[in-house]
Amino acid sequence: MTSYQSSLLKLLAERGYIHQVTDASALDTLAAKGVVPGYIGFDPTAPSLHVGSLVQIMLLRRMQQAGHKPIVLMGGGTGKIGDPSFKDEARKLLTEDNIKSNVASIKRVFENFLTFGDGPTDAVMVDNAEWLDKLEYIPFLRDVGQHFSINRMLSFDSVKLRLDREQSLSFLEFNYMILQAYDFMELSRRFGCRLQMGGSDQWGNIINGVELTRRMDGIEVFGVTTPLITTADGGKMGKTMAGAVWLNEDSLPHYDYWQFWRNTQDADVGRFLRLFTDLPLDEIERLERLEGAEINAAKVVLANACTAMCRGEEAARSAEATAKATFEQGAAGADLPTLEIAGDSIGVLDALVDLGLVASKGEAKRLIKGGGARIDGEKIVDEALVIALGTADVKLSAGKKLHGIIRRG
C-alpha cells in the first residue's frame with residue numbers, strides 16, 4: 001500500500017477505496033495542508049439511489065471524517081441526458097418534473113450520511129441545472145468545445161464499448177462527458193473544489209474535467225476513482241433476486257435492506273465492513289477472522305451497522321428482531337413485507353412477484369421448479385397453485401432468506 005501523509009488518502013487507502021489517482025503525491029500534499037473541497041455527481045434517474053451508489057456516498061462521508069468538505073452534486077442538468085458510460089443503450093429521457101421529483105426524494109438519504117451546513121467542512125448540495133440550463137450553445141462550443149478532441153473522446157472505454165457493439169450512441173449522450181468536465185470547472189470556480197471522485201467507469205470523464213480546468217483556468221485539480229465493487233462470486237453489488245436494493249425507505253422496507261447485508265457472502269464480510277461501516281479496523285479484523293457458523297455474527301454486525309447508518313438505529317433493531325423471530329423462532333416477524341388481498345385467494349406466481357420476493361413470474365416459475373418456494377414452510381410444487389386466504393396470515397418464502405406475509409385486506 002502506498003504511504004500517504006494526509007489523513008484523507010490514508011483513510012481512503014486503508015479502507016480499500018482507491019483504484020486510481022491523477023497525481024497522488026500532489027493531492028496528498030494539498031490534503032495535508034488544509035481543507036480540500038471534493039465532489040461526486042449523482043444523476044436523478046429514479047426516486048432513490050441504490051446500494052450500487054453507496055460506495056460513492058461513503059467516499060463523501062470519509063472526506064468529511066478526514067476534515068474536508070464534501071460537495072454532493074445533483075445532476076438536474078446532466079440528468080436530462082443521462083450518462084452513457086458502460087450502458088448498452090440510451091437512457092430513457094426524463095421530464096423536468098420527473099427530475100425535480102427524483103432530486104427531492106434522493107436528497108433525503110444524504111442527510112443520514114453527511115453533516116450539512118455553512119462551516120468549512122460542512123457538506124453542501126448543489127444542482128448542476130443551476131449553470132447548465134443557462135449555457136448558450138454557440139459560446140459554449142467556442143469557449144469549451146475547442147478543448148476536446150473527438151479522436152480522444154472516441155478512445156474512452158465507455159464510448160468504445162457502445163461503438164464496438166455497433167449500438168447507437170446519440171450526439172446527446174456524446175456531449176455528456178463535456179458537460180461533466182464543465183461541472184468540475186464550475187465547482188472549482190464557485191466552491192474552490194479541487195477533487196472529483198467516482199467509480200472506475202468515470203476515469204475518462206474525470207480526466208476531462210482535470211484537463212479542462214487546467215487549460216481554461218490554469219488551476220490544478222485532481223481525481224480519485226474507486227475499484228468496481230463486485231461480490232466474491234463476481235456478481236454486481238446491489239443486485240438481488242428481487243431487484244435493486246434501494247436506499248430510500250419508501251422504495252425498500254427496512255427489513256429487506258437489513259437482510260441484504262445479512263446475506264453477504266462470507267468472503268465479502270471484511271471488505272464490506274471496511275467500505276460501508278465506521279467500525280474500527282482492529283474490530284473488523286477480529287470479525288473477518290471468524291469461521292464457520294460464527295461468521296454469521298459478523299454478518300449481523302454488518303447488517304446492523306449499515307441499516308443504522310442509512311435508516312436509523314430503530315430500523316436496525318426492528319429488522320434484527322424480525323429476523324430472529326422469522327429464523328430462530330419460526331414465527332413471522334413484524335417487519336416482513338406484507339401483501340393485503342381484497343379477495344379470498346391469489347395465484348402463487350402473482351403473490352411471489354407482488355411481495356417483491358422475485359422480480360418476474362418467469363423467475364417465480366424457476367424458483368418453484370427448483371424447489372425454493374414454500375408456503376408456511378411447505379414446499380410448493382405446482383406453479384398454478386392458488387393460495388386460499390382465511391383468517392390467519394400466510395407466510396410465503398423464496399429460498400431460505402426471503403419471506404413475506406399474505407393476508408386478507
Are the ring centres of Phe110 and Phe42 closer than 6.0 Å? yes
For residues [X] and [Y], determine if any side-chain heavy atom of one lies less than 4.5 Å from a side-chain heavy atom of the other.
X: Val300; Y: Trp261; result: no
X: Thr115; Y: Gln64; result: yes
X: Leu252; Y: His50; result: no
X: Tyr182; Y: Asn128; result: no

Nearest 0.5 Å, what's the OG-CD1 distance between Ser101 and Ile106? 9.5 Å
Measuring from Cys310:SG to Asn112:CG, what's the distance to the nearest 0.5 Å? 6.0 Å
Thinking salt bridges, do Lys100 and Asp127 make one under a 4.0 Å N-O criterion? no
Looking at Arg62 and Glu14, does any basic side-chain N land under 4.0 Å from a carboxylate oxygen? no
Partner set under salt bridge (Lys or Arg N to Asp or Glu O under 4.0 Å) for Glu283, not counting sequence neighbours: Arg286
Looking at Phe222, does the NZ or CZ of Arg194 lie under 6.0 angstrom from its six-membered ring centre and within 45 degrees of the ring axis? no
Who pairs with Ser6 by side-chain contact (heavy atoms from CB on, under 4.5 Å), at least two apart in sequence or on another chain? Leu8, Leu9, Asp28, Ala31, Ala32
Residues two or more places apart in sequence or in another chain: which of them pass ring pair (Phe, Tyr, Trp, His ring centres under 6.0 Å) with Tyr39? Phe184
